Amino acid sequence: MAPVVPRSGDAVFANVERVNAELFTLTYGAIVRQLLTDLEEVEEVNKQLDQMGYNIGVRLIDEFLAKSNISRCVDFKETAEVIAKVGFKMFLGVTATVTNWDVEGTSCSLVLEDNPLVEFVELPDTCQGLYYCNILSGVIRGALEMVSMKTEVTWVRDMLHGDDAYELRVKLIKQVPEEYPYKDDE
């Protein structure tokens with residue numbers, strides 16, 4: 001029997017059930033708009049989007065691992081590449097570039113040239129502090145926490161704020177050792 005080979009982002013994307021991109025984009029926009037109305041403070045909306053993303057990421061990692069045939073990554077660098085090339089492609093239909101590694105190999109940037117969440121979006125002057133796609137930072141943080149990596153994910157650049165790309169900074173805070181809920185020897 002041949003070993004299971006990890007699938008590329010394009011191969012996984014081709015076989016994943018999809019929803020209409022415009023429907024997804026407009027629904028996400030409605031959620032952000034409602035949060036702005038309910039919470040009134042842009043910083044509170046940023047926190048809420050991050051928390052929503054975290055909750056999604058905690059659950060999304062199971063689907064990712066099941067459908068991508070990815071085995072355990074050997075280090076944080078490989079993990080970042082898998083997120084950029086397979087994860088983003090699988091769930092958003094785009095890929096990211098991994099750049100700006102620090103010397104220790106514990107911090108990098110994920111740069112998106114294209115972001116399907118921001119179609120039809122223009123931020124008004126009253127929302128300039130809003131990280132519209134902050135849900136993505138939460139998704140990454142939540143998914144990585146489920147595979148024993150405590151991370152900090154922040155936005156560095158955002159095209160909605162006039163930058164030339166979307167850039168997320170991902171910093172590995174610590175590798176959490178796996179804990180098993182019971183002991184076999186008892």
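No experiment lies behind these values; they were computed from the predicted model shown.
- Two different hydrophobic clusters hold Val82 and Val111 under the rule that ILVMFWY side chains link at heavy-atom gaps under 4.5 Å.
- Atom CD of Glu41 is surrounded by 12 or fewer heavy atoms from other residues, nucleotides or ligands within 6.0 Å.
- Every residue two or more places apart in sequence or in another chain was checked for a ring pair (Phe, Tyr, Trp, His ring centres under 6.0 Å) with Tyr54, and none qualifies.
- Using a cut-off of 4.0 Å between Lys/Arg side-chain N and Asp/Glu carboxylate O, Asp50 and Arg141 are scored as salt-bridged.
- Every side-chain contact (heavy atoms from CB on, under 4.5 Å) that Ile173 has, sequence neighbours left out, goes to Lys150, Glu152.
- Applying the ring pair (Phe, Tyr, Trp, His ring centres under 6.0 Å) test to residues at least two apart or on different chains, the pairs with a partner in residues 55-77 are Phe76-Trp101.
- Closest heavy-atom contact between Tyr28 and Ile135: OH-CG2, 3.3 Å.
- Of all heavy-atom pairs between Val98 and Ala80, the closest is CG2-O, 3.6 Å.
- Scanning both residues, Ala165 and Leu112, for their nearest heavy atoms gives CB-O, 3.8 Å.
- Taking all atoms of both residues into account, the shortest heavy-atom contact from Ala84 to Leu110 is CB-CD2, 4.1 Å.
- Taking Thr126 as the reference, Pro124 meet the side-chain contact (heavy atoms from CB on, under 4.5 Å) condition, with sequence neighbours excluded.
- Between the CD atom in Gln175 and the OG1 atom in Thr79 there is a gap of 7.5 Å [rounded to 0.5 Å].
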Distance-only donor-acceptor pairs under 3.5 Å for side chains of residues 153-163, two or more places apart:
| unit_1 | atom_1 | unit_2 | atom_2 | d |
| --- | --- | --- | --- | --- |
| Trp155 | NE1 | Asn134 | OD1 | 3.3 |
| Arg157 | NE | Glu167 | OE1 | 2.6 |
| Arg157 | NH1 | Asp164 | OD1 | 2.5 |
| Arg157 | NH1 | Asp164 | OD2 | 3.4 |
| Arg157 | NH2 | Glu167 | OE1 | 3.2 |
| Asp158 | OD1 | Leu160 | N | 2.9 |
| His161 | ND1 | Gln128 | O | 2.9 |
| His161 | NE2 | Leu130 | O | 2.8 |
| Asp163 | OD2 | Asp158 | N | 2.8 |

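- Once rounded to the nearest 0.5 Å, the distance linking OG of Ser148 with CZ of Arg72 reads 6.0 Å.
- The CZ atom of Arg169 sits 12.5 Å away from atom OG1 of Thr151, with the distance rounded to the nearest 0.5 Å.
- Note on Leu26 and Val118: separate hydrophobic clusters, where clusters join Ile, Leu, Val, Met, Phe, Trp and Tyr whose side-chain heavy atoms are under 4.5 Å apart, directly or indirectly.
- Here CG of Leu35 is found 5.5 Å from CE of Met52. Values are rounded to the nearest 0.5 Å.
- No more than 12 heavy atoms of other residues, nucleotides or ligands lie within 6.0 Å of CD in Glu122, so this atom counts as exposed by the packing criterion.
- Side-chain N or O atoms of Lys171 include none that pairs as donor or acceptor with a backbone N or O of Cys108 at under 3.5 Å.
- Distance CG/Leu49 to CD1/Ile31: 9.0 Å, rounded to 0.5 Å.
- Asp75 approaches Glu78 most closely through the heavy-atom pair OD1-N, 2.8 Å.
- Distance check, rounded to the nearest 0.5 Å: CD1 of Ile83 to CG of Leu136 gives 11.5 Å.
- Scored by the side-chain contact (heavy atoms from CB on, under 4.5 Å) test, Asp114 finds Val94, Glu119 as partners (sequence neighbours excluded).
- Pro116 and Thr25 get closest at one heavy-atom pair: O-OG1, 3.0 Å.
- Residues Val58 and Glu145 have side chains not in contact (no heavy-atom distance under 4.5 Å, counting atoms from C-beta outward).
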